[in-house]
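The structure that follows is given in the form of structure tokens.
Atoms within a ligand are numbered from 1 in the order they appear, just like the ligands themselves.
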Amino acid sequence: MLNAPIRDWKGRRVWLIGASSGIGHALAKALIARGAKVAVSARNGAALHELAATTRPANVLPLPLDATRVDQLEAALREMTDAWGGIDVALLLQGTHEPVRAWTLDSAVAHRLVDTNLLSVIDALSVVLPTMLRQGSGGIAICSSVAGYRGLPTSLVYGATKAALINLAETLYMDLSPRGIGVWIVNPGFVKTPLTDRNEFPMPALISAEEAAGHILDGLASGRFEIHFPKRFTRWMKLLRLLPYGLYFRLVRRFTGL
Ligand SMILES: NC(=O)c1ccc[n+]([C@@H]2O[C@H](COP(=O)([O-])OP(=O)(O)OC[C@H]3O[C@@H](n4cnc5c(N)ncnc54)[C@H](OP(=O)(O)O)[C@@H]3O)[C@@H](O)[C@H]2O)c1
């Protein structure tokens, strides 16, 4: 078993970044329903306050922030630890997507993707790690994507940020596991959220945000390092990962038409 399984969420102090919509919102609701104390972050403060008001206000701490601002991340963790005395689990689900191809590559878009998907995760780690290392306990889950397995058309920068997160999580695991801190990498396939609602192509094996949240909870309860779903899609993506470049490029072109 690679991580200590988390099965009982009652009273666990969780910080979930990316809780205002999509997978993070559904996961926050599921955790609150299981009795966790959840500090919820994202830029959309109204959505976070509504989440608190419509679930268990005493167990939900809305901490609106822009995750690309390390000072805001620091202030939020301070507020959480002042309120609850520490942090048990950090769930880093913040992310954004914009399709980019070689001929639409734009520096501002690329920086936005890297800042939101990669640097904000690194900054959040730099903020939570001193506390978890001092405690000698905790767990961190980072949301990447199967788009991080290999290059895919339209994912010119998004895919690079997600590949970097997988590498980051692997290295983090090796450092933190001996110190009693769990690390998970979450690699979803297609999930229906505001992020994918913009996609104009048919998304195979599309699941709901609630199903995705269920898979993440199952994964955290399983003791595995990688949480990937839905398996009927991600298993194929894992197989593609093993192919030599010539075959991989041909198959991707055939399947996507791009
Ligand atoms: N949907 C899929 O098919 C899919 C597949 C693979 C991986 N993923 C990954 O899953 C994660 C969640 O995505 P989703 O599909 O649920 O999309 P979503 O509904 O757009 O959720 C993204 C979340 O990230 C937050 N966020 C974005 N920028 C932020 C910032 N600067 N500061 C703080 N929070 C920020 C958003 O909140 P605010 O806008 O309020 O800040 C929102 O809560 C992402 O990492 C995404 O890459 C999704």
Problem - Residues Asp71, Arg69: salt bridge by 4.0 Å N-O rule - result: yes
Practice task
Kindly compute the distance separating CD1 (Ile166) from OG1 (Thr161), expressed to the nearest 0.5 Å.
Solution key: 10.0 Å
Handout entry: Test: Arg12 and Asp88 ion pair at under 4.0 Å
Key = no
Handout entry: Sequence neighbours excluded - side-chain hydrogen bond (donor to acceptor under 3.5 Å, both in side chains) pairs with any residue from residues 34-48
Key = Trp15-Ser41
Exercise for the section: Using a strict cut-off of under 4.0 Å between a residue heavy atom and any atom of ligand 1, list the qualifying protein residues by chain and number. Expected result: Gly18, Ala19, Ser20, Ser21, Gly22, Ile23, Ala42, Arg43, Asn44, Leu65, Asp66, Ala67, Thr68, Leu93, Gln94, Gly95, Thr116, Cys143, Ser144, Ser145, Tyr158, Lys162, Pro188, Gly189, Phe190, Val191, Thr193, Pro194, Leu195, Thr196
Problem - Least distance between heavy atoms, Asn3 atom then Gly182 atom - result: OD1-CA, 3.2 Å
Problem - cation_pi(Arg150, Tyr245) dist<6.0 Å, angle<=45 - result: yes
